[in-house]
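Report on one structure; see the data block that follows.
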Amino acid sequence: MKKVYFLFCILYACFIYSQNTPKPLIIFNGKNIGYKNPEDVLKTIKKQDLANLGIFKGDTEDAIKKYGSNSGVVVITTKKFILDTFYKNNIENSPLKKEIPTTDILSKIGIIISKAENKNQPYEELSKYINIDLSDDTVLKIASITFIKPVDAVKMNRDWKFGAIEIMSTLDR
């Protein structure tokens with residue numbers, strides 16, 4: 001289903017912006033890279049590396065209010081950016097670094113949030129705790145992160161051979 005959604009989004013973006021309309025503002029991995037053709041940016045990204053693709057059409061309220069663009073906005077986020085940013089902001093300078101020494105390990109561990117949902121692909125969940133689109137209003141603040149050892153994590157989900165983390169946000173309490 002994600003592949004179908006991904007392809008639909010790309011086709012939609014290409015169709016909308018290939019018309020003689022002004023180029024949209026592109027937010028790539030949390031940075032404003034200017035007004036460009038989204039197709040040119042998407043060509044540089046492997047489909048399996050894409051985590052999020054958001055499209056704000058034309059002069060919608062969100063495009064103008066959040067980004068100051070009346071020609072639309074395309075927000076593109078890669079999995080590597082999400083892992084690197086979450087790791088740098090929350091793990092690199094904490095005691096968790098001993099258990100999660102690299103972003104590669106972070107990509108393999110499970111994610112448990114306060115609603116006790118088990119996640120095997122952490123990108124969507126981790127992206128809630130970093131600023132991916134230049135607007136701070138959607139970023140959750142972390143109250144605590146607890147590492148769950150692999151021996152205990154595999155009891156919850158057999159795919160969690162590298163362990164899991166439980167994230168509690170300040171909005172969860």
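Keep in mind the model is a prediction, meaning the values are calculated, not measured. Just so it is clear, the values below take in all heavy atoms, side chains as well, and ignore hydrogens, waters and symmetry mates. For reference, positions follow the sequence shown, starting with 1.
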Measure across [X] and [Y] and return the closest heavy-atom pair with its distance rounded to 0.1 Å.
X: Ser71; Y: Tyr35; result: OG-CE2, 3.5 Å
X: Leu83; Y: Ser107; result: CD1-CB, 3.4 Å
X: Pro101; Y: Ile105; result: CD-CG1, 4.2 Å
X: Ser169; Y: Tyr129; result: CB-CE2, 3.8 Å
X: Phe86; Y: Leu106; result: CD2-CD2, 4.0 Å
X: Phe162; Y: Pro150; result: C-CG, 3.7 Å

Using the side-chain contact (heavy atoms from CB on, under 4.5 Å) criterion, which residues pair with [X]? Sequence neighbours excluded.
X: Asn52; answer: Thr77, Ile82, Ser127, Ile132
X: Asp40; answer: Asn37, Lys43
X: Thr78; answer: Phe28, Asn29, Ile45, Lys80, Phe81

Value rounded to 0.5 Å, distance of [atom1] in [X] from [atom2] in [Y]:
X: Lys46; Y: Lys79; atom1: NZ; atom2: NZ; result: 12.0 Å
X: Ile145; Y: Ile91; atom1: CD1; atom2: CD1; result: 5.5 Å
X: Leu126; Y: Thr85; atom1: CG; atom2: OG1; result: 10.5 Å
X: Ile109; Y: Lys161; atom1: CD1; atom2: NZ; result: 15.0 Å
X: Thr146; Y: Leu96; atom1: OG1; atom2: CG; result: 8.0 Å
X: Ser94; Y: Ile100; atom1: OG; atom2: CD1; result: 7.5 Å

Given side chains that start at C-beta, do those of [X] and [Y] come closer than 4.5 Å, heavy atoms only?
X: Ile27; Y: Ile76; answer: no
X: Ile148; Y: Ile165; answer: no
X: Ile33; Y: Lys36; answer: yes

Practice problem: Applying side-chain contact (heavy atoms from CB on, under 4.5 Å), run through Leu42 and Leu53 and close with a yes or a no. | Solution: CA-CA 10 Å; Leu42 289 170; Leu53 176 66; 4.2 Å; yes
Quiz item: What's the verdict on side-chain contact (heavy atoms from CB on, under 4.5 Å) for Leu25 and Val74, showing C-alpha distance, side-chain angles and the deciding distance?
Solution: CA-CA 6 Å; Leu25 176 65; Val74 177; over 6 Å; no
Exercise. Kindly write out the residues that satisfy salt bridge (Lys or Arg N to Asp or Glu O under 4.0 Å) with Lys155, not counting sequence neighbours, or none if the list is empty.
Key: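 Once residues adjacent in sequence are excluded, the partners of Lys155 under the salt bridge (Lys or Arg N to Asp or Glu O under 4.0 Å) criterion are Asp152.
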Exercise. Kindly state each residue pair satisfying salt bridge (charged side-chain N to carboxylate O under 4.0 Å, His left out) with at least one member in residues 92-105, sequence neighbours excluded.
Key: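 Listed once each, the pairs are Asp104-Lys108.
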